Amino acid sequence: MLSAKVTCNSHGQDSSYFLGWEEYEKNPYDEVKNPKGIIQMGLAENQLSFDLLESWLQNNPQPTAFKNHKNQSIFKELALFQDYHGLPAFKNALVKFMSEIRGNTVSFDANNLVLTAGATSANETLMFCLANPGDAFLLPTPYYPGFDRDLKWRTGAEIVPIHCSSLNGFRITKSALEEAYKQAEKQKLKVKGVLVTNPSNPLGTSLSLRELDLLVNFISSKNIHLISDEIYSGTVFSSPSFISIMEVLKNRNLMNTDISKRVHIVYSLSKDLGLPGFRIGAIYSNDERVVSAATKMSSFGLVSSQTQHLLSEILSDQKFTKTYLSENRRRLKERREMLVKGLKRSRIRCLESNSGLFCWVDMRHLLSTNTFEGEMELWKKIVYEVGLNISPGSSCHCSEPGWFRVCFANMSEETLDLAMQRVKSFVDSMAKQNNQSRHPQLMNRNSRRTKSLPKWVFELSFHQREVSDR
């Protein structure tokens, strides 16, 4: 006698995105213990700058020892009950860090910030605040596969895709927005808002000013909300530079207006600082009612006081954060270039990108058929035969088969190099097989052509060979 939620299959766990993880966990690559295992390239995790964080901890031992700057114990203070508003020191440090990432073009009010246990919790909490069961949010495709779980499973909300095309680099257009809105109306769904990831997961591209202006105009005309998930904002490593939705509101003199109250930001330290295990997420909203409701709901997923204290100390060290952001971006750019060059050697190209922990990889030319069945066939070969877990575009609701998300920041250079060697061997073997299969066909075709030639052609050919021999 269990609730319907227990038997409900809307969690999304049966997606190929999660199935790839399951296969990896059965046979994980290890340089020594399992060198032929599956390499995890489906995990958007930043492991490139842990040495910078560990160096800071070594030079600043007080926070992890639960001591203040006077070397006095604060263990009891942190261990006792804290309300769900969060530690003021941490919230102040976090909003300053968010401003720093955005080049201090905008500032954030700590009173408008709600702490959550990661971005997953932040997105779900916003769904609870903004949508009733059966209401819809529009999401541009391709989008992060986990949104099918995060936004829908417990809230009862629906997702309607905004179909974007490779013809313009998967950019958001007015016609795509309007078409998605019409599709929602046809399904008798009430549209409550648009959710975008900026920079995009899985594309690795930041939204242009034109797209951001388009989104603000769209939600204004439809009187709906906009959620901007900006958890990759600190990973922008090359031009164009990152533009936050808050910067657009400020430059258009829309702050403190009704429109600004319908724009909400999701942030996290999981990607920019590479701390997904710390479960540090946040909602930023200019609507007092959303902040109040989300704060109450955050009691179901609080960030521990010890974690808040440690991170407030790290983020308050502005000399460190400046160095970290700069060096981390440099490393991400370098690692992306390594992946792009490695794939290029196998005649595989990537979408031009400027951010994120992954590339959006074009393997359409490797499909046996230009269908999603062909995509799944190729994906299975890559997982089981090549030994790489990557995410197929269909799991990201891409409308075009043959695209894959490939992560590059969760492994060593040596592991990435091995992955590229495996890809090249696979592509070369495919090319060899195709050539071998075409050879008999060409021979048969030539044989048929020879039989259809008139007798005088053979006689002329024989006569020419005799002359040549003499």
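In this chain, residues are counted from 1 in sequence order. This structure is a prediction, so every number in the text was calculated from the model and none was measured.
- Shown here is Gln318, whose CD atom has no more than 12 heavy atoms of other residues, nucleotides or ligands within 6.0 Å.
- Here OG of Ser55 is found 4.5 Å from CG of Asn59. Values are rounded to the nearest 0.5 Å.
- Taking the six-membered ring where tryptophan is involved, the planes of Trp360 and Trp403 are essentially parallel, since the angle between them stays under 30° and well short of 60°.
- Using a cutoff of 4.0 Å between basic side-chain nitrogens and carboxylate oxygens, Asp135 and Lys190 are not scored as salt-bridged.
- Between Glu413 and Arg331 no salt bridge is recorded (no basic side-chain N to carboxylate O distance below 4.0 Å).
- Using cut-offs of 30° and 60° on the angle between ring planes, the pair Phe18 and Trp21 is perpendicular.
- Glu230 and Asn198 share no donor-acceptor pair across their side chains, judged by distance under 3.5 Å alone.
- Applying the side chain to side chain donor-acceptor pair (under 3.5 Å) test to every pair with at least one member in residues 270-283, sequence neighbours left out, gives these pairs: Tyr267-Asp272, Ser268-Ser270.
- Gln62 places a side-chain heavy atom less than 4.5 Å from the side chain of Asn71.
- When each of Phe242, Phe237, Phe358 is tested with Tyr232 by the rule ring pair (Phe, Tyr, Trp, His ring centres under 6.0 Å), just one qualifies, namely Phe358.
- A side-chain donor-acceptor contact under 3.5 Å links Arg252 and Asn217.
- Residues Thr105 and Ile243 form no side-chain contact, since every pair of their non-hydrogen atoms from C-beta on lies 4.5 Å or further apart.
- Between the side chain of Ser99 and the backbone N or O of Val106, at least one donor-acceptor pair lies under 3.5 Å.
- Annotation: the span from Met41 atom CE to Asn410 atom CG amounts to 7.5 Å, rounded to 0.5 Å.
- For the pair Ser121 and Ala117, the tightest heavy-atom approach, listed with the atom from each and the gap, is CB-O, 3.6 Å.
- Nearest heavy atom pair, residue Phe372 against residue Ser394, reads CD2-CB, 3.7 Å.
- Between Ser208 and Glu211, the side chains place a donor N or O and an acceptor N or O closer than 3.5 Å (distance only, hydrogens not considered).
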query: Given the rule in the side-chain contact (heavy atoms from CB on, under 4.5 Å) test, do Leu378 and Phe404 qualify, once you have shown the distances and angles that lead to the verdict?
result: CA-CA 10 Å; Leu378 176 60; Phe404 295 81; 4.0 Å; yes
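- Within a 6.0 Å radius of NZ in Lys261, no more than 12 heavy atoms belonging to other residues, nucleotides or ligands are found.
- In this structure a side-chain-to-backbone donor-acceptor pair under 3.5 Å is present from Tyr284 to Asp109.
- A donor-acceptor pair is defined here as one N or O able to donate and one able to accept, closer than 3.5 Å; such a pair exists between the side chain of Arg405 and the backbone of Gly42.
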- prompt: Which is it for Lys192 and Glu158 under the salt bridge (charged side-chain N to carboxylate O under 4.0 Å, His left out) test, yes or no, and what are the steps along the way?
  reply: CA-CA 10 Å; Lys192 297 302 289 286; Glu158 297 293 337; over 6 Å; no
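- Across Phe218 and Leu138, no two heavy atoms sit closer than the pair CE2-CD1, 4.0 Å.
- Residue Asn123 holds its CG atom at 6.5 Å from CG of Asp150, rounded to the nearest 0.5 Å.
- The residues Arg330 and Glu334 are annotated as salt-bridged, a charged nitrogen and a carboxylate oxygen being separated by less than 4.0 angstrom.
- Atom CZ of Phe50 sits in a crowded spot, with more than 12 heavy atoms from other residues, nucleotides or ligands closer than 6.0 Å.
- Here the shortest heavy-atom pairing between Ala110 and Asn92 reads CB-OD1, 3.3 Å.
- Other residues, nucleotides and ligands place no more than 12 heavy atoms under 6.0 Å from the CD atom of Glu288.
- Counted within 6.0 Å of CD on Gln72, heavy atoms from surrounding residues, nucleotides or ligands total more than 12; the atom is thus considered enclosed.
- Salt-bridge annotation for Arg154 and Glu124: present, with a side-chain N of the basic residue lying under 4.0 Å from a carboxylate O of the acidic one.
- Residues satisfying the salt bridge (charged side-chain N to carboxylate O under 4.0 Å, His left out) test with Glu23, not counting sequence neighbours, are Lys26.
- A donor-acceptor contact closer than 3.5 angstrom links the side chains of Ser353 and Arg336.
- Formation of a donor-acceptor pair under 3.5 Å by the Thr64 side chain with backbone atoms of Pro61 is found in this model.
- Under 4.0 Å is where a charged nitrogen must lie from a carboxylate oxygen, and between Glu377 and Lys381 at least one such pair does.
- Val194 approaches Phe137 most closely through the heavy-atom pair N-CD2, 3.6 Å.
- Between the side chains of Gln183 and Glu179, at least one donor-acceptor pair of N or O atoms lies under 3.5 Å.
- Atoms CG and CD1, on Leu254 and Ile259 in that order, are 5.0 Å from each other to the nearest 0.5 Å.
- Between Asn286 and Asn256, the side chains place no donor N or O within less than 3.5 Å of an acceptor N or O (distance only, hydrogens not considered).
- Of all non-hydrogen atoms in Glu45 and Pro276, the two that sit nearest each other are OE2-CG, 3.6 Å.
- Results of the side-chain contact (heavy atoms from CB on, under 4.5 Å) test with Ile159 over Leu195, Leu139, Thr141 single out Leu139 as the only residue that passes.
- Within 6.0 Å of CZ in Phe170 there are more than 12 heavy atoms belonging to other residues, nucleotides or ligands.
- Annotation for Glu178: atom CD counts as buried by contact number, over 12 foreign heavy atoms lying within 6.0 Å.
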